[in-house]
Amino acid sequence: MSTMKKKENESRADIGLIGLAVMGENLALNMAGKGWKVSVYNRTVKGVEEGVVERFVEGRAKETTIQGHTDIASFVASLATPRKIMMMVRAGSPVDELMEQLFPLLDAGDILIDGGNSNYEDTNRRVTLSESKGFRFVGSGVSGGEEGALNGASIMPGGSQSAWSEVKPILQSIAAKAEDGTPCCDWIGPAGSGHFVKMIHNGIEYADMQLIGEAYWLMKKLLKLDNEDMADIFARWNTLKLRSYLVEITANILRHKDGDGNYLLDKILDAAGQKGTGKWSVINAMELGMPLGVIATAVFERSFSGQTELRKEAATKFDLKRTEAVHDQTDTVNDIYTALYASKLTSYAQGFAVLQKASDTFGWNLNLSSIARMWRGGCIIRSAFLNDIATAFAAPQKPGNLLLSDYFEEEIRGVLPGWKRVVTLATADEIPLPAFASALNYFYSLTSPKLPANLIQAQRDYFGAHTFERIDQPRGVFFHENWTGHGGDTKSGSYNV
Ligand code: 6PG
């Protein structure tokens with residue numbers, strides 16, 4: 001590049017951002033605040049999206065150097081090469097449509113970054129497509145909501161490896177910093193791995209929220225604690241091993257009053273929404289043949305919560321006792337604490353096991369310790385125990401399951417009695433706590449050298465000649481029994497999906 005061209009390039013923007021919804025706006029402001037020259041573009045559609053760019057540049061971005069564009073070609077031309085363009089648009093076809101608009105305007109080596117909650121398979125495809133055209137593509141999970149986008153998010157980029165050195169200074173500068181100062185952003189791996197990791201982050205978020213919800217419900221229904229008492233308890237837990245963003249905001253939510261002075265939480269309809277990443281986590285765990293029961297339970301419970309009329313009808317038919325028992329408050333609150341801690345750990349163990357399996361299956365070479373470190377700040381599931389998780393996965397002998405690491409083995413040993421008591425108590429008192437119970441049962445299955453799957457294999461072979469392996473023969477050798485004396489010797493395939 002000639003000196004003049006170089007100078008011209010240097011005067012252009014360091015990064016472009018497309019999509020001025022709340023996440024996009026806040027990320028642009030965060031970047032500008034870190035000293036990067038930022039260009040922004042939003043499509044202009046008559047009605048809702050008309051004037052979005054002008055409003056932003058004249059409004060929240062007024063005191064910054066952010067340049068606004070309403071024409072995509074002038075936006076692209078405003079960027080220094082290799083261009084870095086972050087797309088903050090709705091996941092799905094809007095990303096593909098935007099890419100089609102951008103491709104003719106790009107030069108070889110330019111980098112597209114998708115910061116939305118895209119499906120990782122879409123990202124796999126987009127990396128391949130972009131690279132086939134000589135461009136680079138980074139699919140990056142961004143967690144932390146509006147606040148994180150503005151003040152520091154957890155950012156999980158993956159895709160075209162050579163793009164990392166180009167985007168690293170910008171992405172790490174706008175990422176949250178963990179307590180030890182490390183940016184909560186590092187390279188995840190190839191293809192759609194960044195979005196896969198974000199998907200599992202969200203799945204864990206679903207489980208955390210369901211588990212916290214169950215803890216709240218137990219205190220409310222079993223112990224008849226009021227919102228202020230429960231807020232105090234969550235606030236105290238937030239100083240202990242359960243220190244985390246979601247526990248912290250739960251205390252704030254419990255205390256929050258509506259305009260009329262009553263608690264807002266008590267007026268919110270108990271029908272939870274979902275945008276799909278929890279469901280995808282479960283679908284992908286199933287595809288990989290991995291148990292992800294706590295997250296699956298959380299997803300199903302959100303669906304179930306929406307069936308409000310059915311639940312009301314069922315409640316009129318079964319008059320369950322639910323609330324008659326009297327329990328020692330302090331002991332039960334302590335047990336709920338331990339059950340929440342244990343169940344959360346179990347859900348993280350399941351989530352990380354899915355990440356490991358995906359890594360092995362897709363050849364991503366994921367670093368689980370680094371992922372745990374990236375989740376320590378900025379993101380919705382940020383919590384103190386991610387430090388311990390990062391340490392456990394950094395051990396020279398990586399544990400086959402998080403719960404089997406030396407540290408967590410001891411932790412689980414300590415909390416198991418309280419965990420069991422809570423599940424037993426709530427079950428006897430007819431209060432639903434599906435995620436706590438699912439977690440405990442996963443732990444029981446994990447620690448069972450034998451499971452009743454021998455019977456399942458026998459049944460499959462009995463009715464469909466699906467064959468079985470024997471304990472007195474090597475693995476991989478399949479047998480069929482003529483169970484009824486008239487079934488014949490023909491075997492069905494012994495393939496597994
Ligand atoms: C985050 C959140 C974010 C968002 C989810 C909510 O990491 O910042 O996970 O991605 O809150 O999209 O998902 P649901 O609408 O499915 O609860």
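Read the numbers this way: they start at 1 and go in the same order the structure lists the ligands and their atoms.
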Exercise. Please confirm whether K221 makes a cation-pi placement over W217, using NZ or CZ under 6.0 Å from the six-membered ring centre and within 45° of the ring normal.
Key: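 Here K221 passes the 6.0 Å and 45° test against W217.
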Quiz prompt | Distance under 6.0 Å and angle within 45° of ring axis: R255 vs Y263 | solution =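 No, cation not above the ring by the 6.0 Å, 45° rule.
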Within ligand 1, which atoms have a heavy atom of [X] less than 4.0 Å away?
{"X": "I380", "answer": "1 (C), 2 (C), 7 (O), 8 (O)"}
{"X": "H201", "answer": "7 (O)"}
{"X": "Y206", "answer": "14 (P), 16 (O), 17 (O)"}

Does any N or O atom in [X] lie less than 3.5 angstrom from one in ligand 1, N or O only?
{"X": "K198", "answer": "yes"}
{"X": "G145", "answer": "yes"}
{"X": "K275", "answer": "yes"}

Quiz prompt | Any C379 heavy atom less than 4.0 Å to ligand 1 | solution =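 It does not, in that no heavy atom of C379 comes within the 4.0 Å cut-off of ligand 1.
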Quiz item: Has G144 got any heavy atom lying under 4.0 angstrom from an atom of ligand 1?
Solution: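 Contact present.
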Practice problem: Identify which of E205, M209, M23 has a heavy atom lying nearest to atom 9 (O) of ligand 1. | Solution: E205
Quiz item: Which of these, G141, A272, S143, A153, has its nearest heavy atom closest to atom 1 (C) of ligand 1?
Solution: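 The option holding the nearest heavy atom is S143.
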Exercise. Identify the heavy atoms of I72 and Y41 that sit nearest to each other, and give their distance.
Key: N-CE1, 3.5 Å
Quiz item: Among protein heavy atoms, which sits nearest to atom 5 (C) of ligand 1, and what does the distance come to when rounded to 0.1 Å?
Solution: N202 ND2, 3.9 Å
Practice problem: Starting from atom 17 (O) of ligand 1, locate the nearest protein heavy atom and write down its residue, its atom name and how far away it is, to 0.1 Å. | Solution: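 For atom 17 (O) of ligand 1, the nearest protein heavy atom comes out as R302 NH1, 2.8 Å.
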Quiz prompt | Chi angles and distances behind the ring pair (Phe, Tyr, Trp, His ring centres under 6.0 Å) call for W419, F443 | solution = CA-CA 11 Å; W419 193 9; F443 175 71; 5.7 Å; yes
Quiz prompt | Crowding at CG, N365 (>12 non-hydrogen neighbours, <6.0 Å) | solution = no
Practice problem: Given side chain to side chain contact (heavy atoms under 4.5 Å, CB included), test F56 with L29 step by step and report yes or no. | Solution: CA-CA 10 Å; F56 177 57; L29 291 168; 3.9 Å; yes
Practice problem: For ligand 1, indicate whether the residue R382 contacts it via side chain, backbone, both or neither (heavy-atom separation under 4.0 Å). | Solution: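 For R382, no heavy atom sits under 4.0 Å from ligand 1.
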Quiz item: Checking ring pair (Phe, Tyr, Trp, His ring centres under 6.0 Å) against W375, which of F385, F352, Y348 comes through?
Solution: F352
Self-check item: Under 3.5 Å donor-acceptor, S39 side chain and A13 backbone
Solution: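 Flag not set: sc S39 to bb A13 has no pair under 3.5 Å.
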Quiz prompt | Working for side chain to side chain contact (heavy atoms under 4.5 Å, CB included), residues I389 and F408 | solution = CA-CA 9 Å; I389 295 178; F408 287 115; 3.7 Å; yes
